[in-house]
Chemist: 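Here it is, the structure, as structure tokens.
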Amino acid sequence: MAVYTDISEAELIAFLKQYDIGTLLSYKGIAEGVENSNFLMTTDRNSFILTLYEKRVDRCDLPFFLGLMEHLADKSVKCPLPIRRKDGEAIGQLAGRPAAIIEFLEGMWPRNPQASHCREVGRALAQMHSASQDFQLERANALSVGAWRPLWEMSSARAEEVERGMAAEIENDLVELEEGWPVDLPAGVIHADLFPDNVFFLSDRLSGLIDFYFACNDLLAYDVAICLNAWCFEKDGSFNITKGMALFDGYISVRPLDDAELEAMPLLARGAALRFFLTRLYDWLTVSNDAKVVKKNPVEYLKYLRFHRRIGNVGEYGYRGVE
Ligand SMILES: Nc1ncnc2c1ncn2[C@@H]1O[C@H](COP(=O)(O)OP(=O)(O)OP(=O)(O)O)[C@@H](O)[C@H]1O
Ligand SMILES: N[C@@H](CCO)C(=O)O
């Protein structure tokens, strides 16, 4: 359960005095999530999410994350707004952690995403990319191609505990991705973690995007590649081309992909699979089994990585262009 830091009622009531959001009625920890401590909090006015930022989030990045949410909401991209305190600040301190209060977003994330969800996600991702073109703050991607080898080196000695024979193929991926990674594709602010558990739906309509805590400046098409991995594979590890088609259709209905982005897609998808494989592998090998979070299996992403190695062009993911 992702509540690393407990808070007492007394300290929460004192914290809320800085805000104009009513009187506390109840609060409880939220089990989902792996990075931060989240609480659902209800006052006599509304429900809110209280987030305490844990050690993997750098305090210096919080103005970027929270400012981005405000910028996007202002441009009608569906995402919850951070609540500012009476003094105008969005970031406070609670139980020794940086803390923020975020609007509660109605809806549920899809446990079994369908093609219709993929289309909506594609559209919302492109809206986010377009709306953030004039966002003034910048944040480098700390988990881009240059970070993958150091991350691998932290796990490589024990990687074969997860699957024998894996190390040589990962070394080969690293070399090919480092040599071939594109640098001159359209860039901007990307979400970088738009998995199904970060997209809420009310019935079949997308109600909002959450969890901008990996957002950064990087290649826009790389964000599409992350979504291809996160949304378009079935539980048995097979790629669902109908979902791929829907994701691309939704995306290009808002922002067309240029020829260079399309050509790079198999490599970007392979890189995205490697990135999530590496962070999962590191956590798998280092986070204790009695920890408060459910660890995500790296082998799922190893399978995706192998799939992308065999892809020749973006049409094999279902891309069919503007009709
Ligand atoms: N604004 C919101 N409205 C409603 N629920 C929210 C909101 N923000 C977070 N949640 C709830 O809290 C859970 C965890 O949030 P979030 O994904 O931001 O956490 P995290 O620790 O950063 O996790 P991870 O990086 O693993 O996705 C979500 O699955 C959702 O249930
Ligand atoms: N979405 C990530 C975890 C949180 O960042 C994963 O599935 O590996």
Side-chain angles (χ1 to χ4, degrees), residues 1-5 21 27-42 46-58 61-62 65-66 68-70 72-73 77-83 90 97-111 113 121 141-143 147-148 151 155 190-202 206-216 223 225-231 233 235 272-285 287 291-305:
M1 150 163 180
V3 176
Y4 305 95
T5 305
I21 58 171
Y27 71 102
K28 64 172 186 208
I30 297 177
E32 289 182 309
V34 297
E35 298 293 336
N36 300 309
S37 298
N38 290 293
F39 297 83
L40 172 61
M41 182 175 75
T42 306
N46 220 329
S47 294
F48 302 91
I49 296 291
L50 167 69
T51 300
L52 271 55
Y53 298 97
E54 300 293 341
K55 56 181 183 302
R56 288 217 283 209
V57 175
D58 186 339
D61 288 331
L62 291 176
F65 301 140
L66 299 176
L68 177 62
M69 290 163 80
E70 287 181 327
L72 293 175
V77 176
K78 290 175 182 160
C79 68
L81 258 184
I83 308 291
R97 295 273 172 216
I101 295 177
I102 314 288
E103 272 180 348
F104 180 80
L105 184 68
E106 298 288 347
M108 295 264 287
W109 63 268
R111 270 59 182 176
V121 168
N141 186 358
L143 287 171
W148 299 341
L151 203 49
S155 308
I190 68 167
H191 184 287
D193 192 26
L194 200 58
F195 279 56
D197 59 355
N198 288 330
V199 184
F200 282 23
F201 287 81
L202 265 175
L206 192 152
S207 59
L209 314 178
I210 64 164
D211 197 359
F212 287 82
Y213 304 119
F214 285 100
C216 55
D223 224 7
I226 290 172
C227 288
L228 267 182
N229 281 283
W231 288 85
F233 285 91
K235 292 193 168 63
L274 182 65
R275 174 260 182 261
F276 286 97
F277 165 75
L278 289 172
T279 47
R280 286 180 174 203
L281 178 68
Y282 179 78
D283 286 350
W284 194 260
L285 296 171
V287 176
K292 295 173 177 177
V293 292
V294 178
K295 295 192 279 187
K296 299 192 174 182
N297 195 337
V299 174
E300 185 187 348
Y301 269 75
L302 187 58
K303 289 183 188 153
Y304 300 174
L305 186 53

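Order of listing sets the numbers, starting from 1, for every ligand and every atom in it. Note that this is a predicted model, so its numbers are computed, not measured. Any value given below was found using the heavy atoms of this structure, including those in side chains, with hydrogens, waters and symmetry copies removed.
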Chemist: If the cut-off is 4.0 Å to any non-hydrogen atom of Pro80, which atoms of ligand 1 fall inside it?
Modeler: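 Reading through ligand 1 atom by atom, the close ones are 1 (N).
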Chemist: At what distance is the nearest protein heavy atom to atom 3 (C) of ligand 2, and which residue and atom is it?
Modeler: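 Going by distance alone, atom 3 (C) of ligand 2 is nearest to Lys296 NZ, 3.9 Å.
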Chemist: Would you say Ile210 has any N or O atom under 3.5 Å from an N or O of ligand 1, going by distance alone?
Modeler: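 There is no such contact.
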Chemist: Return the orientation label for the Tyr53 and Tyr213 ring planes: parallel under 30°, perpendicular over 60°, tilted otherwise.
Modeler: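 Rings of Tyr53 and Tyr213: perpendicular, as their planes differ by over 60°.
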Chemist: Between the side chain of Ser207 and the main-chain N/O of Phe200, is any donor-acceptor distance below 3.5 Å?
Modeler: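 Yes, Ser207 side chain to Phe200 backbone: donor-acceptor pair under 3.5 Å.
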Chemist: Measure the shortest side-chain to side-chain distance between Trp109 and Val199 over non-hydrogen atoms and say whether it is less than 4.5 angstrom.
Modeler: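 They are not in side-chain contact.
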Chemist: For atom 7 (O) of ligand 2, find the nearest protein heavy atom and state the residue, atom name and distance (0.1 Å precision).
Modeler: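 Going by distance alone, atom 7 (O) of ligand 2 is nearest to Arg280 NH2, 2.7 Å.
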Chemist: Could you report the tightest heavy-atom contact between Leu66 and Ala100, atom names first, then the distance?
Modeler: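 So the two residues come closest at CD1-CB, 4.0 Å.
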Chemist: If we only count N/O pairs under 3.5 Å, is Trp109 in contact with ligand 1?
Modeler: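 No.
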Chemist: Please check this pair: side chain of Asp283 against backbone of Lys296, looking for a donor-acceptor N/O pair closer than 3.5 Å.
Modeler: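 Pair absent, no side-chain N/O of Asp283 close to backbone of Lys296.
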Chemist: What's the shortest distance from atom 29 (O) of ligand 1 to any protein heavy atom, and which residue and atom give it?
Modeler: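 Going atom by atom, the protein heavy atom closest to atom 29 (O) of ligand 1 ends up being Glu32 OE1, 3.3 Å.
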Chemist: Does the side chain to side chain contact (heavy atoms under 4.5 Å, CB included) test come out yes or no for Ile102 and Met69, once each step is laid out?
Modeler: CA-CA 10 Å; Ile102 314 288; Met69 290 163 80; 3.8 Å; yes
Chemist: So which heavy atom in the protein is nearest atom 5 (O) of ligand 2, and how far is it from that ligand atom?
Modeler: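 For this ligand atom, the closest protein heavy atom is Asp193 OD2, 3.0 Å.
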Chemist: Checking the N or O distance criterion of under 3.5 Å, is ligand 2 in contact with Thr279?
Modeler: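 Thr279 vs ligand 2: no N/O contact under 3.5 Å.
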Chemist: So is Phe200 touching ligand 1 or not, going by heavy atoms under 4.0 Å?
Modeler: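 Yes; Phe200 lies near enough to ligand 1 that a heavy-atom distance drops under 4.0 Å.
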Chemist: Short N/O distance, under 3.5 Å, between Glu103 and ligand 1?
Modeler: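 Indeed, backbone or side chain, Glu103 has an N or O that close.
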Chemist: Answer with side chain, backbone, both or neither: which part of Leu40 has a heavy atom less than 4.0 angstrom from an atom of ligand 1?
Modeler: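 The answer is neither; Leu40 stays 4.0 Å or more away.
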Chemist: Just to be sure I read this right, does ligand 2 sit under 4.0 Å from the backbone of Phe214, its side chain, both, or neither, counting only heavy atoms?
Modeler: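 The answer is the side chain of Phe214.
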Chemist: Decide whether an N or O pair under 3.5 Å exists between Glu35 and ligand 1.
Modeler: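 Yes; at least one N/O pair falls below 3.5 Å.
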Chemist: Please name the pair of heavy atoms, one in Asn141 and one in Leu143, separated by the smallest distance, quoted to 0.1 Å.
Modeler: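 Of all heavy-atom pairs spanning Asn141 and Leu143, the closest is OD1-N, 2.9 Å.
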Chemist: Nearest protein heavy-atom contact for atom 11 (C) of ligand 1: which residue, which atom, what distance?
Modeler: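 Among all protein heavy atoms, the one nearest atom 11 (C) of ligand 1 is Ile30 CD1, 3.9 Å.
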Chemist: Hey, does the side chain of Asn36 reach the backbone of Glu54 with a donor-acceptor pair shorter than 3.5 angstrom?
Modeler: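 Indeed, once roles are kept as given, a pair shorter than 3.5 Å links the two residues.
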Chemist: Please name the pair of heavy atoms, one in Arg97 and one in Lys55, separated by the smallest distance, quoted to 0.1 Å.
Modeler: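 Reported closest heavy-atom pair: NH1-N, 4.2 Å.
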Chemist: Cation over ring, Arg280 on Phe195, under 6.0 Å and within 45°?
Modeler: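 Judged by the rule (NZ or CZ under 6.0 Å from the ring centre, within 45° of its axis), Arg280 is not positioned above Phe195.
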Chemist: What's the shortest distance from atom 17 (O) of ligand 1 to any protein heavy atom, and which residue and atom give it?
Modeler: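 The closest heavy atom on the protein side is Asp211 OD2, 3.1 Å.
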Chemist: Among protein heavy atoms, which lies nearest atom 19 (O) of ligand 1, and at what distance?
Modeler: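 It is Asn38 ND2, 3.2 Å.
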Chemist: Return the closest protein heavy atom for atom 5 (N) of ligand 1 as residue, atom name and distance.
Modeler: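 Of the protein heavy atoms, Ile49 CD1, 3.5 Å lies nearest.
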Chemist: Grab the two heavy atoms, one from His191 and one from Ile210, that are nearest each other, plus how far apart they are.
Modeler: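 Smallest interatomic distance, heavy atoms only, reads NE2-O, 2.9 Å.
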Chemist: Mind listing the closest non-hydrogen atom pair of Tyr4 and Ser37 along with its distance?
Modeler: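 Closest approach of Tyr4 to Ser37, heavy atoms only: N-OG, 2.8 Å.
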Chemist: Closest non-hydrogen protein atom to atom 3 (N) of ligand 1, residue and atom name please, with distance?
Modeler: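 It is Leu105 N, 2.8 Å.
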Chemist: In terms of atom number and element, which parts of ligand 1 are under 4.0 angstrom from non-hydrogen atoms of Asn198?
Modeler: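 Answer for ligand 1: 17 (O), 27 (O).
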